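Here the structure is laid out as structure tokens; the discussion comes afterwards.
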Amino acid sequence: MIRPFKSEPLVDFSKRENIEKMQVALAKVDKEKGQSYPAVIGGRQYMTEEKIKSVNPSNKNEAICYAASSTYEIADKAFEAAWSAFKSWKVKSYRERAYLLLKTAAIIRREKFYFSSLLVEEVGKTYGEADAETAECIDFLEYYARQAINLEKKGMEVSYTEDEINDTEYIPLGVGIAIAPWNFSLAIFAGMTAAGIVCGNTMIMKPASTAVMVGAKLFDAFQRAGVPDGVVNFLPGKGGSLGNYIVSHPKARFINFTGSREVGLHINKLAAEVKEGQKWIKRVSMELGGKNAIIVDKNCDYDNAARTIVASAFGYQGQKCSACSRAIIVKDVYETITDLVLKYASEITVGAARTPGIGMGPVIDLNAYNKISSYIAIGKDEGNLILGDMPEESEGYFIKPVIFRDVDRNAKIAKEEIFGPVLALIKADSFEDALDIANDTDYGLTGSAFSNDRENLEKARKEFHVGNLYLNRKCTGALVGIQPFGGFNLSGTDSKAGGADYLLLFTQAKSMTEKL
Ligand code: NAP
């Protein structure tokens, strides 16, 4: 019997011994830097002459690794291998497949500090943020294993007459593609892949190019757990070219994408076109960006609200899809909350992610650095800068916390996803007005409201149109199996990863009736 699902506990980095374990793991990662990772298709390795280079965002002169820049021929081989493996994989029981997820979780748990160290070095997470992601990765594997076992038992068994048997079985779809973002290159990638394979599908894993070593090590964990060759295939390559090719491929049955709105909508369009030889409508699940708000009512715990805004806005440098980028504050408490937010944000230290106790690491790469810088420049015309400024050239892509006050509800920095440590403070006339402002974007991912007024909390429950709503707490940090995650509007298809219904997205229900 498997024990009931329990969230993976977080490592306590206030203990010296845990810092030391992290430093041992970082030294191991250091030794592995500069290696090359091939595509792995049906168990065979393919290296290409042209390679993807992944760089340490805390030290832009350091290469983390190189990886194959997979060609269309390699991609074709991936579809062949995955369809071939599908024949025997689809007939395995849910239980048998689920146990391989549990084994993968056990491997990652045993090597927790190593996986967290990879995240520190390749994507610039602080120790705490990296550990939370490794824990989330383990949670996805553990949770979907249990959900899969339940799915095997699910199905309608009502008979219309006595001499009739009715069954509904949830069978797999075929070959799927998981396309991952760099910001949760371990947890989300693991969840998107695991959900596919545990239902009997076979998968092509396309990692983000800026987090390709994390992707390679995750793939390696699936292999070490005993997931058969061809059931998971590792296909690194350039999003713009290889990505387009695989999502348009007639042999792709479904696409599980997490990333930006721009790329997501592009994929949705490509996937909708039926190619010659294609026998199905591709199923597309996508989780995209956000412009998340925390509302502060006149009647609440001000200190807690301000600390929470700061944690939600600047945790992982504001590079979480759930990050708070707008604090919408009722006018009566605008000055009080602004002062407190400024106070707590000013205390954040910024530096190399591997520095123990550092508050914020770097942003992911030059593109992000330039994009965020351009929004800071826009913000200077749109609001009053009260913290931070344009970043200065340094060894890494470091941007200190930036706060603009008196931002108009229709300003660009109040409407567009910046995906960096930039916070807009917006004044609202009332709680109702704050809700209107919060909802007035194309997105609908996360949101939070601070209030001690029961009626206002109920209003937020009814009217705050986001996939993940939080009351009197931060708007980041959804837990697997506890806060199923997915956005409304242009934030995605609301797939609710880590929720009870998620696996159904990767199955088709087959209804069967036998007359006796
Ligand atoms: P991105 O630029 O859209 O890239 C995501 C993935 O798509 C990468 O693997 C990328 O490959 C690939 N890609 C790029 N162009 C493609 C194309 N034409 N066809 C197929 N694949 C393509 O997003 P990102 O910068 O990695 O991630 C940040 C975004 O993700 C933010 O908007 C954030 O809000 C969102 N996000 C949402 C959630 C959620 O659950 N809602 C979670 C995490 C992140 P390359 O790396 O090779 O370009």
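We use all heavy atoms of the structure for the numbers below, so side chains are in, but hydrogens, waters and symmetry mates are not. As the structure lists them, so they are numbered: ligands from 1, and atoms in each ligand from 1. Just so we're clear, the structure is a prediction, and the values are computed from it rather than from any experiment.
- For residues 475-497, the side chain to side chain donor-acceptor pair (under 3.5 Å) pairs, not counting sequence neighbours, are Glu287-Ser495, Asp494-Lys496.
- For the pair Lys217 and Tyr37, the cation-pi test (distance below 6.0 Å, angle within 45°) is failed.
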Donor-acceptor pairs under 3.5 angstrom involving side-chain atoms of residues 233-246: please list them, not counting sequence neighbours.
{"residue": "Asn233", "atom": "OD1", "partner": "Gly42", "partner atom": "N", "Å": "2.8"}
{"residue": "Asn233", "atom": "ND2", "partner": "Met203", "partner atom": "O", "Å": "3.2"}
{"residue": "Asn233", "atom": "ND2", "partner": "Gly230", "partner atom": "O", "Å": "2.9"}
{"residue": "Lys238", "atom": "NZ", "partner": "Glu50", "partner atom": "OE2", "Å": "2.4"}
{"residue": "Asn244", "atom": "OD1", "partner": "His266", "partner atom": "NE2", "Å": "2.9"}
{"residue": "Asn244", "atom": "ND2", "partner": "Gly240", "partner atom": "O", "Å": "2.7"}
{"residue": "Tyr245", "atom": "OH", "partner": "Asp76", "partner atom": "OD1", "Å": "2.7"}
{"residue": "Tyr245", "atom": "OH", "partner": "Asp76", "partner atom": "OD2", "Å": "3.2"}

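- Each side chain to side chain donor-acceptor pair (under 3.5 Å) pair with one or both residues in residues 414-424, not counting sequence neighbours, appears once here: Tyr375-Glu416, Lys412-Glu416, Lys415-Asp440.
- Panel note: side chain Ser116, backbone Phe113; no donor-acceptor pair is recorded below 3.5 Å.
- Around ligand 1 you find Ile179, Ala180, Pro181, Trp182, Asn183, Ile188, Lys206, Pro207, Ala208, Ser209, Gly237, Lys238, Gly239, Gly240, Gly243, Asn244, Phe257, Thr258, Gly259, Ser260, Val263, His266, Ile267, Glu287, Leu288, Gly289, Cys321, Glu417, Phe419, Leu445, Phe485, each with a heavy-atom distance below 4.0 Å.
- Judged by distance alone, with hydrogens and angles left aside, the side-chain atoms of Tyr127 form a donor-acceptor pair with the main-chain N or O of Arg354 at under 3.5 Å.
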